[in-house]
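Notes to accompany the following structure.
Heavy atoms only: backbone and side chains are in, while hydrogens, waters and symmetry mates are out. Along the sequence shown, the residues carry numbers beginning at 1. Indexing begins at 1, ligand by ligand and atom by atom, following the structure's order.
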Amino acid sequence: MKTLRQSLALCLGLLTATPVWGQEATVTINAAQPGPILAPEIQGQFAEHLGRLIYEGIWVGEKSAIPNVRGYRKDVLEALKAIRVPLIRWPGGCFADEYHWRDGIGPRHKRPVGVNTNWGGVEENNAFGTHEFMEYAELVGAKTYVNGNIGTGSAREMADWVEYMTSPSNSTLAQLRRANGRDKPWTLDWFAIGNETWGCGGNMRPEYYTDQLRQIRTFIKPAPGQPTKIIASGGNSDDLKWTDVVMAGSANMIDAISLHHYALPSFGRATRGTWKDKGSATDFGESDWFALMVTATQMDDLLTRHSAVMDKHDPKKKVALIVDEWGNWFDPTPGTNPGFLEQQNTLRDAVTAAVNLNIFHKHAGRVRMANIAQMVNVLQALILTDGPKMLLTPTYHVFDMYKDFQGATQFPVTVAGPKYTYAERSLPAISASSARAKDGSILVALTNIDPNNTVTATVTLEGAAAATISGRILTAPAMNSHNSFGQADAVKPAAFTGARIQGGALSVTLPAKSVVVLTVR
Ligand code: AHR
């Protein structure tokens, strides 16, 4: 039955097309039955040798006029530390399967120059290699995820790389590492055997890849005491067969299998589009807003289906499902090298980032890492640079607002509420997640994907009491509001005043197209 407010809103909506009071949702948080720990790595980052990510975005060299710490630009480094980036994946992506690690060690001026055949055909001078990556991760305070080369590499090459990075011995490879300036082994947290082996990593069939994986895995031997977890190259979006075959053949030999899912507005259009006409990052109307929400929220269904396949082979959930590439993919910014995958980042990206983080929280029993693509200057970047200038994107601000979810204990959440309807298709308007943070407070994340209607949510905390509430909101006047180098603060979080404690529950007014994170004590 409709409330008086809903009936009035409906009548006014018919007259004005925009309801004044919006709609109502009920969010139930089960704090009495905590779920799994939210792995910090769910907020991981992907950093590939692609376009201006590594070179300019991270690495400018010691002699650069851009302020730097031993060659790493300071502004980006500080911004990454501020959001406590938990993990960085490197060196690719497709680049990884053409990367030979020996090219990236030793004196920089002597390193060979190659061609980045995947990304723009530009020269790769290998100035940023294993030492530069490992040292960067240490500076950021992030765990390390190195992606091995199966496409053009070998078991020997990968095994040697792992020994070079992790061995405390006096082996020739460990001594070579020392001669190159690093005495102590680094910590190698994750190592992947190939990337997208169904595509740019070798166009393999899952059966063939599984056999290769089993063979190579046998010879990957991180030094004793290393925490290294081994990742199998997983399927693309809804390729359940890939997950099935790889899990059936190798579940007892791996720690994780990956999944890649990119959201393209073209794929959410009523007439399914293509990779050719993906849609603009900034110049879009509501149809492309809705279309992107459709393909971004498909992540939930994909995780459910891949997890079900994994459950067949691994009912105890020992093997993690890691979404090591996810994010929005639009047409490249006009005038840029199309191989550099540069795109602006708007409020729309912030909304889908929050929705995806909520989905990962829901699936935390299986999903123990997710890396947004990519960290700086590429695809759904958190940070954009232009020479010496840097800006933080709306997506960055979402990660900032969510950072206390790292290591928190998930609470199950159910949402009942309005639909966001566009052209006769509907999605749930409200996405939510909740957890107990390490400091004992309760975090509640709520996103309203509807770009037109305010939603008032009644949030019930079962098994917990609320005494105080505070929070931040990210929203902006237009769907495509974004930060530019002329106006770097157009979209940024603000203190949230739309929540109050009422009769033991929370009453939260969520403006259209907004992301809210609350801390309840
Ligand atoms: O993130 C860009 C590319 O997308 C990666 O290199 C590849 O793995 C995926 O297809």
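Considering backbone and side-chain N/O of C200, none are found under 3.5 Å from N/O of ligand 1.
A cation-pi arrangement, defined by a distance under 6.0 Å to the six-membered ring centre and an angle within 45 degrees of its axis, is present between R348 and F284.
Contacts between W329 and ligand 1 below 4.0 angstrom, taking non-hydrogen atoms only, involve the side chain exclusively. Proximity of N195 to ligand 1, defined as any heavy-atom pair under 4.0 Å, is confined to the side chain (atoms from C-beta onward). If you look at F95 next to ligand 1, there are no close heavy atoms at all, none under 4.0 Å. The residue V378 has no part lying near ligand 1, judged by heavy-atom distances below 4.0 Å.
The atoms of ligand 1 that sit less than 4.0 Å from any heavy atom of C94 are 5 (C), 6 (O), 7 (C), 8 (O). Which parts of ligand 1 touch Q374 is read off a 4.0 Å heavy-atom cut-off, strictly below it: atoms 1 (O), 2 (C). Near L379, meaning under 4.0 Å from one of its heavy atoms, ligand 1 places the atoms 1 (O), 2 (C). Numbered from 1 in the order shown, with element, the atoms of ligand 1 that lie under 4.0 Å from a heavy atom of F46 read 1 (O).
Between F399 and Y396, the gap from one ring centroid to the other reaches at least 6.0 Å. Taking the six-membered ring for Trp and the full ring otherwise, the centers of Y208 and W198 sit at least 6.0 Å from each other. Taking the six-membered ring for Trp, Y164 and H131 have ring centres closer than 6.0 Å.
Considering only non-hydrogen protein atoms, atom 4 (O) of ligand 1 sits nearest to E325 OE1, 3.2 Å. From the protein, the heavy atom lying nearest to atom 3 (C) of ligand 1 is W119 CZ2, 3.6 Å. The shortest contact between atom 1 (O) of ligand 1 and any protein heavy atom is with Y262 OH, 2.7 Å. Atom 10 (O) of ligand 1 has as its closest protein heavy atom E196 OE1, 2.7 Å.
Residues in residues 84-142 take part in these disulfide (SG to SG under 2.5 Å) pairs, two or more places apart or across chains: C94-C200.
Other residues, nucleotides and ligands contribute only 12 or fewer heavy atoms inside 6.0 Å of the CZ atom of R205. More than 12 heavy atoms of other shown residues, nucleotides or ligands fall within 6.0 angstrom of atom NZ in K317.
Contact record, H100 with E98: CD2-O, 3.6 Å, taken as the closest heavy-atom pair.
Residues satisfying the side-chain contact (heavy atoms from CB on, under 4.5 Å) criterion with A263, sequence neighbours excluded, are L292, T295, A296, N328.
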